[in-house]
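This report concerns only the one structure given below.
In this text the structure is predicted, and so the values were computed from the model without any measurement. So you know, we letter chains A, B, ... as the sequences are listed, proteins then strands, and number each from 1.
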Amino acid sequence: MKIQNTMTGNKENFQPIHNNRINLFVCGPTVYDDSHIGHARTYIAFDVVARYLKYKGFSVFYLQNITDVDDKIIQRAAETGVSPRSLARKFEQRYLEDMRALGITNVNYYARATENIPEIISQIERLSELGFAYETETGVYFDESRFGDFGKLSHQGAEALEKHRIEPDSTKRNPGDFSLWKKRQDGEEVTWDSPWGKGRPGWHIEDTAITENYFGAQYDIHGGAMDLIFPHHEAEIAQMEAASGKKPLVRYWMHTGFLNVMNEKMAKSLGNFTTIRDMLREYEADAFRFFVLLAHYRSPIDFSEKALEQARKSLERIRQAAKIIEEQLEKAPESSAPEQMDPAVALAKAKFLESMDNDFNTPYALKAVFDLVREVNRRINEKTISQTGLQDASEQLREFGEILGLSFYEVGKRPAEKTDAIADNLIELLIETRQKLREKKEWQLADEIRAKLSELDIVIEDAYEGVGKYTTKGSTIG
RNA sequence: GCCAAGGUGGCGGAGCGGUUACGCGGCUGCCUGCAGAGCAGCUAUACUCCGGUUCAAAUCCGGACCUUGGCUCCA
């Protein structure tokens, strides 16, 4: 397996620290608001990474932090008149709901910053003792000049880091020094006792405190989006490597590309964001996941209605094939002797795994799925596929789906689909009437009803079976 | 200014030294009372520009141009 490592800029052979055990950490959310679909992109990407590593037989401990103490939380809480703690709990809850709705189910543990305060303090104390940290009247800071490797992840030298857009705290020795502990400002209620008086942790320290607590000073994979490379991940490296004296903190740094809108980064500060909740009112979760997996995790992707619609249709193509295969299987008797795997299925599987082994190349893996689908469809039409072949294809599609976290065997549901029993019954009645007209070959009137209903966004599709079923435009409900 | 990621057919998006990517769309056929859906086949002057290396370059090297992001809030 190969993984593109941000640290070296190269694709490297994956070699876990402890044989079969993989420690994976991905930066979690700051819970002061609902998460947007840019977050979703990153978490879906790492959900698939975790799924695939597990599929390969690794034992994966996927850890995520929850930043539940932070400037933005305090600010938002003050604005809305609730306590920072209850605000954080509320949005943490909503975040977890969003993740569940997106099928992101592989995080083993979510660690709150506020539940790791002793570990945070211990790490800062060690840094102070080793001379990497200093105290001022506003807080405790990491002394960047004492850590020679600062900038190695973002490939920047010390000179480049002199530049700054935001005015640094005046008590710091260097503009590049970052906060480990923030001393209490007047009136602040969220504080903990520490050797430096009351205060709260800085932004970066919680992650290394958490990973040290659960993984130790070194671990396998750290993930996050591109924008965290600097300063956040750089700071994590500085803190932990300085405190432990062990290098590297992380073997493989994986960073996801942004989700853009009209070629611009989706960000709360730009106000161009769509929350996961809002998106899921419009689209099926799997359609969004498919959209995400259609591009490599490192590539930027542009979110648009059109792109989502394309993704939805592409996903439907696979589901349609899965459905046809199931139908064919029902028609024929079970075949007893499972001999060799169907060559087309074996080839698809090999290509799929090869693609995933190559830095989780999901678009290329999907190509293998589409190739299989086309091949199987063709052979069904030509009646040249055996029962075992169908069985193999069916099982293989199911496995592909599990690895990618997509359900190829379930009809998609739109969460926001409203059900209205009376309207439903009326439509059914119309359809039944129309069906009778069709049986009498009263085509003109039957077609007229279909056309009129279509104007009302109710689509009837005549087929062998499924009479009496309808869909509303844009939905996938059968 | 420094660092990073990009610029591929009508659209999305792989490939990164030689063979059809794939999907969406379009076209044709099959199916169907018709339409749609579905399936198959076909389709595309495609690789930002200029040099260079090579028998061979989207792919490697050099140089431009453009887009986006990071440079202490960011998934």
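Using a 4.0 Å cut-off, some side-chain N or O of K265(A) falls inside it from OP1 or OP2 of G70(B). In terms of phosphate contacts, N361(A) brings a side-chain nitrogen or oxygen within less than 4.0 Å of OP1 or OP2 of G15(B). Look at T30(A) and you won't find any side-chain N or O under 4.0 angstrom from OP1 or OP2 of C73(B).
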Give each protein N/O atom lying under 3.5 Å from an N/O atom of nucleotides 57-59 of chain B, with the pair distance.
none

Under 3.5 Å, which protein N or O atoms sit close to an N or O of nucleotides 22-25 of chain B? Give each pair with its distance.
| unit_1 | atom_1 | unit_2 | atom_2 | d |
| --- | --- | --- | --- | --- |
| G23(B) | O2' | S314(A) | OG | 2.1 |
| G23(B) | N2 | Q310(A) | OE1 | 2.7 |

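At a cut-off of 3.5 angstrom, counting only N and O atoms as typed in the model, there is a donor on one side and an acceptor on the other between the side-chain of R438(A) and the base of G33(B). Taking only distance into account, the side chain of D302(A) never meets the base of G12(B) through a donor-acceptor pair shorter than 3.5 Å.
Taken from CD1 in I431(A) to CD1 in I449(A), the straight-line distance is 10.0 Å, to the nearest 0.5 Å. The CG atom of D98(A) sits 7.0 Å away from atom CG of L280(A), with the distance rounded to the nearest 0.5 Å.
In this structure, the CG atom of N358(A) is 11 Å from the C1' atom of C16(B), given to the nearest Å. Residue N260(A) contributes atom CG, which lies 13 Å from atom P of G6(B) at whole-angstrom precision. Distance M226(A) CE to C71(B) P: 15 Å, rounded to the nearest Å. Rounded to whole Å, the distance from CG on L180(A) to C1' on U72(B) is 13 Å. Put simply, NZ on K452(A) is 16 Å from C1' on A35(B), counting in whole angstrom units. Atom pair Y141(A):OH and U72(B):C1' shows a separation of 12 Å (rounding to whole Å applied).
Residue contacts shown for A295(A) are limited to sugar-phosphate atoms, with no base heavy atom under 4.0 Å away. Counting non-hydrogen atoms under 4.0 angstrom, G38(A) reaches a base of the nucleic acid. Residue-level contact check: H232(A) touches neither bases nor backbone, having no heavy atom under 4.0 Å from any strand. I380(A) comes within 4.0 angstrom of nothing in the nucleic acid, heavy atoms only.
Out of A40(B), A75(B), A35(B), the shortest distance to the side chain of R450(A) is found at A35(B). Counting only heavy atoms from C-beta on, Y364(A) has its side chain closest to A21(B) among C2(B), A21(B), G13(B). Side-chain proximity of P231(A) to U72(B), A5(B), A14(B): nearest is U72(B). Comparing A14(B), G33(B), A5(B) against the side chain of S299(A) picks out A14(B) as the nearest. Looking at the side chain of N377(A), the nearest of the listed nucleotides G70(B), C39(B), G33(B) is C39(B). Considering only side-chain atoms of Q320(A), the nucleotide from U72(B), C39(B), G33(B) that sits closest is C39(B). Listed candidates were U68(B), G70(B), A75(B). Nearest to the side chain of E264(A) is U68(B). Considering only the side chain of L228(A), A75(B) comes nearest among A4(B), C39(B), A75(B).
A distance of 6.0 Å or more separates the ring centres of Y62(A) and F46(A). Checked against a 6.0 Å centroid threshold, the rings of H233(A) and H255(A) count as neighbours. Aromatic ring centres of Y95(A) and Y43(A): separated by under 6.0 Å. Here Y283(A) and F288(A) keep their ring centres 6.0 angstrom or further from each other.
Salt-bridge annotation for E316(A) and R319(A): present, with a side-chain N of the basic residue lying under 4.0 Å from a carboxylate O of the acidic one. One finds a salt bridge joining D71(A) and R200(A) here, because a Lys/Arg side-chain nitrogen approaches an Asp/Glu carboxylate oxygen to under 4.0 Å.
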For RNA chain B, what is the dot-bracket line, given that a base pair needs Watson-Crick (N1 to N3, plus N6-O4 or O6-N4) or G-U wobble (N1-O2 and O6-N3) geometry with both distances under 3.5 Å, and | means paired with another strand? (((((((..(((.....[...)))((((((.......))))))....(((((..]....))))))))))))....

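Using a 90° window around 0 for the glycosidic torsion, A46(B) falls outside it and is classed as anti.
Scanning for side-chain hydrogen bond (donor to acceptor under 3.5 Å, both in side chains) contacts around K313(A) gives an empty result, with sequence neighbours left out. Residues that satisfy the side-chain hydrogen bond (donor to acceptor under 3.5 Å, both in side chains) test with K152(A), not counting sequence neighbours, are D149(A), E241(A). With sequence neighbours excluded, no residue satisfies side-chain hydrogen bond (donor to acceptor under 3.5 Å, both in side chains) with N272(A).
A donor-acceptor contact closer than 3.5 angstrom links the side chains of D286(A) and S407(A).
Between V107(A) and M99(A) the shortest side-chain heavy-atom distance does not fall below 4.5 Å.
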